[in-house]
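I have placed the structure first, in the form of structure tokens, so that the comments after it can refer back to it.
Model, not experiment: these values are computed from the prediction.
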Amino acid sequence: MIPIALVLLYLKIDDDEIGGIDVENYTFFGFFFLAVIFAPILETLIGQLLPIKIIQKLLRNKHNTIPMLISAILFSLMHFGYSIWYSLLTFPLGLLLAKTYIVFQKRKESSFWVTTAIHSLRNIIAVISIYNGIE
């Protein structure tokens, strides 16, 4: 995400233009639940599990690059409601989560829950940053 963030900095795109969730509308526990538990589960289901499995089935598991890219684009578009800039910032995370899902399909651990856990860990860092005034 750093290269895209650097481009936005260079273009003088400020935090207000990038957008994000309006934390003031939530209690800490409501925001924590939404960002760390609910969103990662829902977004892993819609952004990784469904598109990757469907595309792998259509392509007969021959190529994982296409399902990974489509998953990342879909994940990015799921965040478009905040702004186009926010959507662009989430694209690399979408790639990472899609790659994680695909890698863990071949292992005994659940690809869904490992991907969800990584997403949750990333979001918990964001929650801590927001509440500590870092972001």
- Query: Are Leu42 and Met78 co-members of a hydrophobic cluster defined by side-chain heavy atoms under 4.5 Å apart?
  - Reply: yes

- Query: Would you say the side chain of Leu77 lies within less than 4.5 Å of the side chain of Ile73, judging by non-hydrogen atoms?
  - Reply: yes

- Task: Flag the pair Ile52 / Gln105 as yes when at least one side-chain heavy-atom distance between them is below 4.5 Å, and no otherwise.
- Result: yes

- Message: So which atom in Ser111 and which in Thr115 form the shortest heavy-atom distance, rounded to 0.1 Å?
- Response: O-OG1, 2.7 Å

- Does a side-chain heavy-atom distance below 4.5 Å link Met68 with Asn64? no

- Query: Is there side-chain contact between Phe91 and Leu88, with at least one heavy-atom pair below 4.5 Å?
  - Reply: no

- Message: side chain to side chain contact (heavy atoms under 4.5 Å, CB included) for Thr44 and Leu97? Distances and angles first, verdict last.
- Response: CA-CA 8 Å; Thr44 300; Leu97 295 174; 5.8 Å; no

- Task: Specify whether Phe28 and Tyr131 have parallel, tilted or perpendicular ring planes, treating 30° as the upper limit for parallel and 60° as the lower limit for perpendicular.
- Result: perpendicular

- Task: Please identify each residue that fulfils ring-ring contact (aromatic ring centres under 6.0 Å, His included) with Tyr101, with sequence neighbours left out.
- Result: none

- Query: Hey, does Phe32 have a side-chain heavy atom less than 4.5 Å from the side chain of Ile124?
  - Reply: yes

- Stepwise side chain to side chain contact (heavy atoms under 4.5 Å, CB included) test for Leu121 and Ile125: CA-CA 6 Å; Leu121 287 172; Ile125 292 167; 5.6 Å; no

- Starting at OG1 of Thr116, measure out to CG of Asn123 and round the result to the nearest 0.5 Å. 11.0 Å

- Note on the structure: Between Leu45 and Pro51 the two heavy atoms that sit nearest each other are O-CD, 4.2 Å

- Message: Any heavy-atom pair between the side chains of Leu95 and Leu69 that's under 4.5 Å?
- Response: yes

- Item | Joint cluster assignment, Phe33 & Trp113, ILVMFWY side-chain distance < 4.5 Å | yes

- Task: Provide the closest heavy-atom pair for Ser120 versus Val36 in the form atom of the first, atom of the second, distance.
- Result: OG-O, 2.7 Å

- Answer whether the closest heavy-atom distance between the side chains of Phe80 and Thr90 falls below 4.5 Å. no

- Message: What's the separation between atom OG in Ser87 and atom OH in Tyr82, rounded to the nearest 0.5 Å?
- Response: 11.5 Å

- Query: Does one hydrophobic cluster hold both Ile41 and Leu34, with members joined at side-chain heavy-atom distances below 4.5 Å?
  - Reply: yes

- Message: In this structure, would Trp85 and Val23 fall into the same cluster of hydrophobic residues linked by side-chain contacts under 4.5 Å?
- Response: yes

- Item | Nearest atoms (heavy-atom pairs only) where His63 meets Leu59 | O-CD1, 4.1 Å

- Residues in side-chain hydrogen bond (donor to acceptor under 3.5 Å, both in side chains) with Ser71, at least two apart? none

- Task: Check the angle between the aromatic planes of Phe75 and His79 and answer parallel, tilted or perpendicular using the 30° and 60° thresholds.
- Result: tilted

- Can you name the closest pair of heavy atoms from Ala35 and Val127 and give their distance? CB-CG2, 3.8 Å

- Query: Do Tyr26 and Ile37 share a hydrophobic cluster (ILVMFWY, side-chain heavy atoms under 4.5 Å, transitive)?
  - Reply: yes

- Message: Between Thr100 and Leu96 (side chain of the first, backbone of the second, donor and acceptor by atom type, cut-off under 3.5 Å), is there such a pair?
- Response: yes

